[in-house]
Amino acid sequence: MPDSFAFKPIRELAALIASREVSPVELTQTFLDRLEEFGPHYNSLVTLTAERAYQTARLAESDIAAGRSRGLLHGIPWGAKDLLATSGGIPTTWGAAPFKDQKFDYDATVVSKLEAAGAPLAGKLAMIELAGGMGYIHPDASLTGPPKNPWDTGRWTGGSSSGSGAAVAAGLVPFAIGSETWGSILIPANNCGLAGLRPTYGRVSRYGAMALCWTLDKLGPLCLTADDCGIVLEALSGPDPKDGSTHPQPFSYDPDFIPGRRFRIGIISGVMGEAADAVRENFETAVSVLADVADFEEVRLPELPYVEVTSTVLMVESASAFEDFLAEGGPLELSGTGWHGRSPYARPAVLATDYIKALRLRGVIAREVDGVMSGYDALAAPTAMNTATPIDEEFRSRSMTSAGAGDLMGSIGNGCGLPSISVPSGFDGDGLPTGIQFMSRAYDENVCLAIAREYQARTEWHRQRPPEPGL
């Protein structure tokens, strides 16, 4: 099978399988070969799961030949962020040297669900160690080295789902599962020119996923298109008795959803902060592209400590999740440079009264934000205030990670558990992607997906591909 098929979206790959132009085994072989050849080049692969992938692919081939199709993902390979538990002796490293030999005898729920849909797991993908739970200021905070951006290998892919972003952008897998506590799906999508969907909190079971922050963690897809994200989310979603936070109703993706009127989209006043010129220009152009189907209005939110509240919750819950690791001096064994002995050990010092106050304010924020958003289909903003940062530089001072206007959408979206999708909005002068995000009310994934699809129907940014290594 030619490697050009590596950049086809899920619906096209499914059609090729259905027409017998390619078999699940052939498709799986192609992506396993690409992962093995190019994964190390991008520092995106931790473990190739070839035996498991072939087993699922052969079963898919047999079922499809017998007329037993399980849907669009049947026979489509994928990659898992390496915080998802996998049985069968496959390591789950959490991206961290102290856990490099860690193995589980069970599968994360999302792994089980995707394999039940007939999707072969091709590999475990690189990530920032412990999903950034100990704090980090440099891309080297990863067991396998900093994942490199396929658009420019001197740049980072961003966020703790950095290997998932690199793998999809380079055509090493058709889609990957990442996690987001604050930015770790949307930032790789922005930096790598992908579609990335952060679902509503509780939409997808986190059983078998490394816990970083119990009330902020979410699992979601990184894909080539918004349509792909909807397809994958439907397979992932639904209640799980092993995760009491899951929503009782599964998500049903509607690829034809439209509201029967023009979309109403809000833009928070001042949300662009100190956005780079290309980010601002591409966002303004994206807004104009949707002018025939959407009305945009400036939105003013109440003055509340959005960033501070979400930051406090993240610091306290991550310190609790890794309490024993911290007490045993585990952070000193991690790979990241420039912070050892500082950030992780400050987190347990946050007062319990401050955490309770943050939780109470979080409820106020959720009510206020939902009241504002009830008048809109979504809020729109640049996904990040800058393009991919250099892979050999610290990024503490950059707007992507600073507690300022550039984090407003992230702090609100993650603090309130709201769904948001990022899709590519263009490139800067260095050929690096920018993104636009659409954030909807809780459980309204079909709404933000519909807006993103309308945008992608009018643009070609998602069809651009980075060069193959060596070209």
Side-chain angles (χ1 to χ4, degrees), residues 1-17 21-58 60-61 73-82 84 86 90 111 114-115 118-127 142 144-153 155 157 161-178 188-189 191-196 221-225 228 232 433 462-471:
M1 183 183 127
D3 278 2
S4 59
F5 285 7
F7 290 100
K8 290 189 178 297
I10 290 170
R11 208 173 285 276
E12 292 183 28
L13 290 176
L16 292 171
I17 291 174
E21 292 182 55
V22 62
S23 75
V25 172
E26 291 171 328
L27 198 63
T28 298
Q29 177 71 66
T30 291
F31 287 107
L32 287 171
D33 288 347
R34 289 183 65 81
L35 274 169
E36 189 170 30
E37 181 177 1
F38 300 132
H41 175 79
Y42 296 113
N43 289 339
S44 61
L45 177 68
V46 181
T47 304
L48 195 71
T49 55
E51 182 178 349
R52 183 166 180 158
Y54 281 127
Q55 182 178 358
T56 305
R58 286 192 290 267
E61 195 159 308
L73 294 179
H74 206 174
I76 308 294
W78 64 287
K81 184 175 181 177
D82 202 23
L84 297 173
T86 42
I90 299 169
V111 173
L114 286 171
E115 290 192 330
L121 173 61
K124 305 292 289 292
L125 303 176
M127 57 182 283
S142 179
T144 48
K148 301 175 182 178
N149 196 315
W151 292 98
D152 178 350
T153 55
R155 304 285 182 137
T157 55
S161 304
S162 43
S164 296
V168 178
L172 311 188
V173 284
F175 71 93
I177 303 304
N191 289 4
C192 296
L194 300 174
L222 283 151
C223 304
L224 295 177
T225 67
D228 285 358
V232 176
H462 59 290
R463 301 186 190 280
Q464 305 300 309
R465 299 291 174 250
E468 291 277 71
L471 297 181

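If you're wondering where the values come from, they're calculated on a predicted model, not measured in any experiment. Sequence positions, counted from 1, serve as the residue numbers for this chain.
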Can you list the residues that meet the side-chain contact (heavy atoms from CB on, under 4.5 Å) rule with Thr153, with sequence neighbours excluded?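 Partners of Thr153 under the side-chain contact (heavy atoms from CB on, under 4.5 Å) test: His41, Tyr42, Lys148.
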
Under the side-chain contact (heavy atoms from CB on, under 4.5 Å) test, residues paired with Thr144 that sit two or more places apart: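 Applying side-chain contact (heavy atoms from CB on, under 4.5 Å) to Thr144 gives Val46, Ala126, Ser142.
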
State, to 0.1 Å, how close [X] and [Y] come at their nearest heavy-atom pair, and which atoms those are.
X      : Y      : result
Phe7   : Ala169 : CE2-O, 3.3 Å
Gly165 : Leu194 : O-CD1, 3.4 Å
Ala122 : Ala53  : CA-CB, 4.2 Å
Pro77  : Phe175 : O-CE2, 3.8 Å
Gly163 : Ser44  : O-CB, 3.7 Å
Lys124 : Leu45  : O-CD1, 3.6 Å

With [X] via side-chain hydrogen bond (donor to acceptor under 3.5 Å, both in side chains) - residues at least two apart:
X      : answer
Arg465 : none
Asn43  : none
Thr47  : none
Arg58  : none

Just by distance, do the side chain of [X] and the backbone of [Y] share a donor-acceptor pair under 3.5 Å?
X      : Y      : value
Thr225 : Asp228 : yes
Trp151 : Cys192 : yes
Thr49  : Gly123 : yes
Arg34  : Gly171 : yes
Thr56  : Pro120 : no
Ser23  : Glu26  : yes
Asn149 : Asn191 : yes
Trp78  : Val173 : no

Roughly how far, to the nearest 0.5 Å, is the [atom2] atom of [Y] from the [atom1] atom of [X]?
X      : Y      : atom1 : atom2 : result
Ile177 : Leu121 : CD1   : CG    : 10.0 Å
Ser161 : Met127 : OG    : CE    : 7.5 Å
Glu61  : Leu27  : CD    : CG    : 10.5 Å
Leu125 : Leu172 : CG    : CG    : 8.5 Å
Thr30  : Leu35  : OG1   : CG    : 11.0 Å

Is it the case that over 12 heavy atoms from other parts of the model lie below 6.0 angstrom from the CD atom of Gln55?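 No, because the 6.0 Å sphere around CD of Gln55 holds 12 heavy atoms or fewer from other groups.
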
Minimum side-chain heavy-atom gap Phe5-Glu12 below 4.5 Å: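 No. Closest side-chain heavy atoms not under 4.5 Å.
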
Answer whether the closest heavy-atom distance between the side chains of Pro174 and Leu13 falls below 4.5 Å.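 Yes, side chains in contact.
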
side-chain contact (heavy atoms from CB on, under 4.5 Å) assessment of Val232 paired with Cys223: CA-CA 9 Å; Val232 176; Cys223 304; 4.1 Å; yes

Between Ile76 and Ile17, does the side-chain contact (heavy atoms from CB on, under 4.5 Å) criterion hold? Intermediate values first, please. CA-CA 9 Å; Ile76 308 294; Ile17 291 174; 3.8 Å; yes

Which is it for Gln29 and Tyr54 under the side-chain contact (heavy atoms from CB on, under 4.5 Å) test, yes or no, and what are the steps along the way? CA-CA 8 Å; Gln29 177 71 66; Tyr54 281 127; 2.4 Å; yes

Please step through side-chain contact (heavy atoms from CB on, under 4.5 Å) for the pair Lys8 and Leu16, ending with a clear verdict. CA-CA 10 Å; Lys8 290 189 178 297; Leu16 292 171; 3.9 Å; yes

Distance alone, cut at 3.5 Å: any donor-acceptor contact between the side chains of Lys81 and Ser164?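 No.
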
